[in-house]
Amino acid sequence: MMGMVQKIDTATGASLVLSALDWWDEAGVDALIDEAPRNWLAPPARAASLSGGRARPATPAAPDMPDTLAAFETWRLGPTAPDGQWPGTRIGAQGVATAPLMVMIDMPERDDHPGALLSGPAGALFDRMLAAIGRDRSSIYLVPYCVARPLSGRLTAADEAMLAVVARTHVRLAAPKCVLVFGNASSRAILGTEMVGARGILHSVNLDRAQNRANQVDQCGIRAVASFSPRFLLERPAAKAEAWNDLQLVMKGLM
């Protein structure tokens with residue numbers, strides 16, 4: 001039996017581990033399981049009072065962000081953005097900023113070419129998904145939730161708390177007719193819930209001071225659809241039928 005065991009080199013093993021972690025993340029599993037039992041449905045504990053115990057850490061203050069889309073895009077790739085000091089190449093928004101459809105992904109893919117979002121195998125599937133609803137990259141606004149990929153491929157709670165504010169500001173400034181969010185981090189930021197739970201619904205998102213391009217308050221808010229990322233669909237082709245249902249909701253949201 002020992003002679004039949006296939007050896008796996010370090011690089012391949014690391015790739016398999018990261019792929020498995022990506023799958024669990026898309027499925028909504030983003031916390032480790034403790035040795036001791038925990039009541040996951042229990043309400044969160046109250047913060048300790050100032051007179052006794054340790055107070056809950058304060059929510060980090062929102063970064064000072066520009067109030068125009070062009071200035072925001074420049075700031076987003078600069079050193080003062082929440083992910084501005086992360087190692088690796090930063091990739092910002094691409095496409096047409098005034099497009100009615102914004103697509104938000106969690107982060108650049110591991111195999112993306114420098115300076116290009118969704119440029120590997122997942123990008124080829126993404127292009128086919130766009131073609132299925134009569135779109136291409138020249139008619140959408142493609143933006144990353146974080147502009148650099150963390151070394152672990154995972155975001156900490158503190159990272160998400162800051163980046164969620166940035167993501168909502170990005171959507172508000174762009175004011176698309178509909179935003180398609182891929183992945184859990186983007187879904188939590190824009191829709192306030194995991195991607196799996198948000199799927200199958202055409203949401204109406206009312207962001208702070210959301211405005212349309214006529215500079216008038218949009219009473220209907222911005223429509224949003226959550227779906228599986230192209231990477232997940234490559235690894236789990238059976239989910240493509242569900243993704244097609246999500247794309248039909250996007251077409252409805254653009255009407």
Donor-acceptor pair between Asn184 and Ser187 side chains, under 3.5 angstrom: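 Result is no, nothing qualifies.
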
Does [Y] offer a backbone N or O that forms a donor-acceptor pair with the side chain of [X] under 3.5 Å?
X      : Y      : value
Ser186 : Val181 : no
Arg199 : Glu194 : no
Arg90  : Val147 : no
His203 : Ala198 : yes
Lys240 : Leu233 : no

Do [X] and [Y] belong together in a cluster built from hydrophobic side chains that touch within less than 4.5 Å?
X      : Y      : answer
Val96  : Val103 : no
Ile201 : Val225 : no
Leu142 : Met251 : yes
Leu77  : Met162 : no

Between Ile222 and Lys177, does the side chain to side chain contact (heavy atoms under 4.5 Å, CB included) criterion hold? Intermediate values first, please. CA-CA 6 Å; Ile222 295 170; Lys177 195 168 186 179; over 6 Å; no

May I ask you to test the [X]-[Y] pair for a side-chain heavy-atom distance under 4.5 Å?
X      : Y      : value
Met129 : Leu247 : yes
Leu180 : Met102 : no
Val171 : Val205 : no
Pro176 : Tyr141 : no
Pro108 : Leu117 : yes
Glu160 : Leu163 : no
Thr68  : Leu173 : no
Arg110 : Arg149 : yes

Taking all non-hydrogen atoms of both residues into account, name the closest pair between [X] and [Y] and its distance.
X      : Y      : value
Leu191 : Ala224 : CD2-CB, 3.7 Å
Ala93  : Val143 : CB-CG1, 3.6 Å
Gly123 : Arg137 : O-NH2, 3.5 Å
Gly200 : Asp246 : N-OD1, 3.8 Å
Gln94  : Ala116 : NE2-CA, 3.4 Å
Leu69  : Ala97  : CD2-CB, 3.5 Å

Please name all residues satisfying ring pair (Phe, Tyr, Trp, His ring centres under 6.0 Å) with Phe126, sequence neighbours left out, ordered by chain then number.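 For Phe126, no residue satisfies ring pair (Phe, Tyr, Trp, His ring centres under 6.0 Å) once neighbours in sequence are set aside.
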
Going from [atom1] on [X] to [atom2] on [Y], what distance comes out if it is rounded to the nearest 0.5 angstrom?
X      : Y      : atom1 : atom2 : result
Arg236 : Ser229 : CZ    : OG    : 11.5 Å
Glu242 : Ser227 : CD    : OG    : 8.5 Å
Asp136 : Arg128 : CG    : CZ    : 15.0 Å
Leu249 : Leu254 : CG    : CG    : 11.0 Å
Leu202 : Cys178 : CG    : SG    : 6.0 Å
Thr74  : Arg76  : OG1   : CZ    : 12.5 Å

Among residues at least two apart in sequence or on other chains, which ones pass side-chain contact (heavy atoms from CB on, under 4.5 Å) with Ala189?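 side-chain contact (heavy atoms from CB on, under 4.5 Å) list for Ala189, sorted by chain: Tyr145, Ala164, Ala167.
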
According to the interplanar angle, ranging from 0 to 90°, do the rings of Trp75 and Phe72 count as parallel (below 30°), tilted (30 to 60°) or perpendicular (above 60°)?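 Rings of Trp75 and Phe72: tilted, 30 to 60°.
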
In sequence, state the C-alpha distance, the side-chain angles, and the governing distance for Val179 and Arg223, and then conclude on side chain to side chain contact (heavy atoms under 4.5 Å, CB included). CA-CA 6 Å; Val179 55; Arg223 293 177 173 180; over 6 Å; no

Only counting residues at least two apart or in another chain, list the ones meeting salt bridge (Lys or Arg N to Asp or Glu O under 4.0 Å) with Arg135.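 Salt bridge (Lys or Arg N to Asp or Glu O under 4.0 Å) check on Arg135 returns nothing, list empty.
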
Hey, is Asp106 close enough to Arg188 for a salt bridge, meaning N to O under 4.0 Å?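 So Asp106 does not pair with Arg188 through a salt bridge.
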
